[in-house]
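Nothing fancy with the numbering, it's 1 onward along the sequence.
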Amino acid sequence: MKHLFQIIAFLLFSFSIQAQDKEAKDLLNQVTTKIKGYDNIVIDFKYTLNNFKENINQDSRGNVTMKDNQYVLNFMGVTKIFDGKKTYTIVPEDEEITVSTVNEKDDNAITPSKMLTFFNSGYKCSMSDLQDIKGRKIQYIKLVPTNAKDQRKEILLGIDVQTKHIYNLIETGKKGTKTTLTVNSFKTNQPLSKNQFTFAASKYPNYYINKLD
């Protein structure tokens with residue numbers, strides 16, 4: 001779940017990258033400007049994990065709703081709510097809810113407040129292939145980590161040339177693992193409930209609540 005949210009955070013907001021290619025940087029800046037202009041974003045996505053050496057092929061679907069520094073993420077049967085102060089991880093299979101407070105000083109914590117800066121440095125970026133996918137022109141940008149210890153070989157970010165929205169993100173690991181996040185539906189400025197990001201314990205009367213703080 002943490003790894004997925006890193007990808008989603010990058011997918012949505014992490015576009016002030018230390019660029020080596022002006023054309024790539026300009027395109028990323030266009031995406032940034034458009035993203036920042038939305039009041040909220042609702043995404044339905046497909047997440048695929050492949051490792052041919054280990055014969056692993058997994059497909060999952062999920063969705064995320066985001067507004068300012070709040071979000072609701074549904075993925076693999078788990079719901080994660082961040083109300084701006086606390087994170088509530090709801091696991092129906094175990095009838096358990098974990099409540100935690102985000103530590104802004106934790107460099108490893110993936111938090112909404114870090115979405116604009118999480119991938120803000122440490123990458124070389126350049127223009128890659130322009131592909132025609134289902135009638136859409138998708139321009140790929142290649143991101144290569146500058147840290148030799150990074151387990152990721154490269155990331156390909158696919159951008160719809162017309163809408164300046166993200167189409168997909170393909171992450172390739174040094175050990176042969178490839179993860180792909182594809183946006184099936186990208187909606188903005190949706191009418192959200194005032195309680196959209198509020199956790200209500202009354203909805204889970206029989207759940208065990210584990211408070212970490």
Kindly determine whether Glu95 and Tyr204 satisfy side-chain contact (heavy atoms from CB on, under 4.5 Å), including the steps that lead there. CA-CA 8 Å; Glu95 292 193 341; Tyr204 312 94; over 6 Å; no
Could you tell me the separation between the OG atom of Ser100 and the OH atom of Tyr88, rounded to the nearest 0.5 Å? 9.5 Å
Within 6.0 angstrom of Lys153 NZ, more than 12 heavy atoms from elsewhere: no
Do Asn63 and Asn74 have side-chain N/O donor and acceptor atoms under 3.5 Å apart? yes
Identify the two heavy atoms, one from Leu28 and one from Cys125, that lie closest to each other, and give their separation to 0.1 Å. CD1-SG, 4.3 Å
Asn40 side chain to Asn189 backbone, donor-acceptor under 3.5 Å: yes
Closest non-hydrogen atom pair between Phe75 and Ser60, with its separation: CE1-CB, 3.5 Å
Is there a path of hydrophobic side-chain contacts, each under 4.5 Å between heavy atoms of I/L/V/M/F/W/Y residues, joining Tyr38 to Met66? yes
Are the side chain of Glu154 and the backbone N or O of Ile170 linked by a donor-acceptor pair below 3.5 Å? no
Within 6.0 angstrom of Glu23 CD, more than 12 heavy atoms from elsewhere: no
At what distance, to the nearest 0.5 angstrom, does CG of Asp44 lie from CZ of Phe186? 11.5 Å
Mind checking the CD-CD spacing from Glu93 to Glu96? Nearest 0.5 Å is all I need. 11.5 Å
Apply side-chain contact (heavy atoms from CB on, under 4.5 Å) to residues Leu73 and Thr79 and explain how you reach the verdict. CA-CA 6 Å; Leu73 171 67; Thr79 297; over 6 Å; no
Audit row: Leu27, Ile159, side-chain contact (heavy atoms from CB on, under 4.5 Å) steps and yes/no: CA-CA 9 Å; Leu27 180 56; Ile159 300 171; 3.9 Å; yes
Any carboxylate oxygen within less than 4.0 angstrom of a Lys/Arg side-chain nitrogen, looking at Asp160 and Lys137? no
Does the Gln70 side chain pair with the main chain of Asp83, one donor and one acceptor, at a distance under 3.5 Å? yes
Flag side-chain contact, heavy atom, 4.5 Å: Ile155 against Leu169: yes
Can you check whether Met127 reaches Ile141 side chain to side chain, under 4.5 Å on heavy atoms? yes
Between Thr33 (side chain only) and Asn29 (backbone N and O only), is there a donor and an acceptor less than 3.5 Å apart? yes
Are the side chains of Arg61 and Tyr47 in touch, meaning some heavy atoms are under 4.5 Å apart? no
Closest non-hydrogen atom pair, Asn184 against Phe45: ND2-C, 3.6 Å
Yes or no on salt bridge (Lys or Arg N to Asp or Glu O under 4.0 Å) for Asp26 and Lys22, after CA distance, side-chain angles and deciding distance? CA-CA 6 Å; Asp26 288 345; Lys22 184 178 184 303; 2.9 Å; yes
Indicate yes or no: at least one non-hydrogen side-chain atom of Thr48 is less than 4.5 angstrom from one of Thr179. no
Between the side chains of Lys67 and Asp39, is the shortest nitrogen-to-carboxylate-oxygen separation below 4.0 Å, so that they form an ion pair? yes
Without placing hydrogens or testing angles, list every side-chain donor-acceptor pair under 3.5 Å for residues 190-199, not counting sequence neighbours.
| unit_1 | atom_1 | unit_2 | atom_2 | d |
| --- | --- | --- | --- | --- |
| Gln190 | NE2 | Thr188 | O | 2.9 |
| Ser193 | OG | Asn195 | N | 3.1 |

Distance check, rounded to the nearest 0.5 Å: Thr65 atom OG1 versus Lys187 atom NZ? 10.0 Å
Examine Ile35 and Val161 and state if one hydrophobic cluster contains both, with Ile, Leu, Val, Met, Phe, Trp and Tyr joined whenever side-chain heavy atoms are less than 4.5 Å apart. no
Nearest heavy-atom neighbours spanning Lys34 and Thr163: NZ-O, 2.8 Å
Counting C-beta onward and ignoring hydrogens, is there a side-chain heavy-atom pair between Asp59 and Lys46 closer than 4.5 Å? yes
What's the shortest heavy-atom distance between Asn51 and Lys175, and which atoms? ND2-O, 3.8 Å
Any Ile90 side-chain heavy atom under 4.5 Å of Val78 side chain: no
Nearest heavy-atom approach of Gly77 to Pro92 is O-CD, 3.1 Å
To the closest 0.5 Å, what do you measure between NZ (Lys211) and NZ (Lys86)? 7.5 Å
Looking at residues at least two apart in the chain, or sitting in another chain, which of them share a side chain to side chain contact (heavy atoms under 4.5 Å, CB included) with Gln131? Asp129, Ile133, Tyr140
Taking atom CG of Leu49 and atom CG of Asn57, what is their separation to the nearest 0.5 Å? 8.0 Å
Could you go through the side-chain contact (heavy atoms from CB on, under 4.5 Å) check for Ile97 and Tyr208 one step at a time? CA-CA 6 Å; Ile97 298 168; Tyr208 171 72; over 6 Å; no
Can you confirm whether the side chains of Ser126 and Lys142 place a donor and an acceptor under 3.5 Å from each other? no
In the structure I gave you, are the side-chain heavy atoms of Val183 and His165 within less than 4.5 Å of one another anywhere? no
Would you tell me whether Thr172 and Lys178 have side-chain atoms, one donor and one acceptor, within less than 3.5 Å of each other? no
